[in-house]
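Here's the structure we're looking at; comments come further down.
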Amino acid sequence: MSGLLLKDKNAVIYGGGGAIARVFAREGANVFVAGRTQAKLDVVARDIAAAGGTIETTQVDVLDQEAVDKHADAVAATAGGIDIAVNAVSVPHDQGTLLADLSLEEFMRPIDGFLRTLFITSKAVARHMGGERPGVILTLSEPGAKLAVGGILGHAVSAAGKEAFSRVLAAELAPGNVRVIGIRPHAVVDAPAAGSYTKELFEQAAAAAGQSVEEMLDGGAMAQGTLLKRLPTLSEIAETAAFLASDRAGAMTGTIVNLTSGAIVD
């Protein structure tokens, strides 16, 4: 038991972070998952409970600041504090439409959606972190933060914004013994099969390449654009998140961890 990365740590996961929740529970964390879709929460809860892990799920609209605040306060009160928070919230948006045909609403949807949830969740948990118990906030972005390709204006700006948010928040929270790290995975090869919104998100790009979404991700055009010629898996992202959230990564903060399979080389 002493070898568990996250033994007795209290971890709050917002959104569709089922794979991360499962790995965190396996590594000894007390997991609290908050999201809008009860059916998805129930699936994660059953899996973790069946494996002997500790999990509590709550249906919360992550765009409702008051509701998120109340949930974080309740978790901290019952668990004795919050050690880890992960924002894995999904915001459906456009990819593939060029400026001439892109509406202001479509451009702003990922920017407002992703950054609003990141602000709300980070503010809710930060006040319950740090001090004698080190805290960790993990965020998720995308390669669009660095890529210069057409058709991803709103997506790219939102991704870059999430990474900037993480860096600046790391500077703010470091004196209180809280680390902030961004994770930048590429499109996840097995996410559509797990129910991710990325199946619909990539349909336009896949059709343009004459492929199905599954073909594009599994060895297809998107995978071939990486050095490894493959895309990351949910397991790889979750295992990396567990390490970053653990004390073994205690010297890491204010940085972005590159899980793009070499699509972007830092």
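Atoms considered below: every heavy atom in the structure, side chains included; atoms not considered: hydrogens, waters and symmetry mates.
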For residues 75-101, the ring pair (Phe, Tyr, Trp, His ring centres under 6.0 Å) pairs (sequence neighbours left out) are His93-Phe114, His93-His155
Ion pair present between Arg116 and Asp64, side-chain N to carboxylate O less than 4.0 angstrom?
no
### Message
Could you check whether Arg184 pairs with Glu163 (Lys NZ or Arg NE/NH1/NH2 to Asp/Glu carboxylate O, under 4.0 Å)?
### Response
yes
Exercise for the section: Go through the side-chain N and O atoms of Thr233 and Asp190 and say whether any donor and acceptor fall under 3.5 Å apart. Expected result: no
Discussion item. Strictly below 4.0 Å, N to O, side chains only: are Glu172 and Arg167 in salt-bridge contact?
Written reply: no
Exercise. Would you mind reporting whether Thr226 and His186 have side-chain heavy atoms less than 4.5 Å apart?
Key: yes
Starting from the C-alpha separation in whole Å, work towards a yes-or-no answer on side chain to side chain contact (heavy atoms under 4.5 Å, CB included) for Tyr14 and Val86. CA-CA 6 Å; Tyr14 296 99; Val86 183; over 6 Å; no
Sequence neighbours excluded, the answer for salt bridge (charged side-chain N to carboxylate O under 4.0 Å, His left out) partners of Glu106 is Arg109
OG of Ser141 to CD1 of Ile256, rounded to nearest 0.5 Å, is 5.5 Å
Asp8 meets the salt bridge (charged side-chain N to carboxylate O under 4.0 Å, His left out) criterion, sequence neighbours left out, with none
Within 6.0 Å of NZ in Lys123, more than 12 heavy atoms from elsewhere: no
Rounded to the nearest 0.5 Å, the OG1 atom of Thr117 sits from the CG atom of Asn87 at a distance of 4.5 Å
Subject >> Under 3.5 Å side-chain donor-acceptor pair for Asp73 and His128 >> reply: yes
_Does either side chain, that of Asp42 or that of Gln38, offer a donor lying less than 3.5 Å from an acceptor on the other one?_
yes
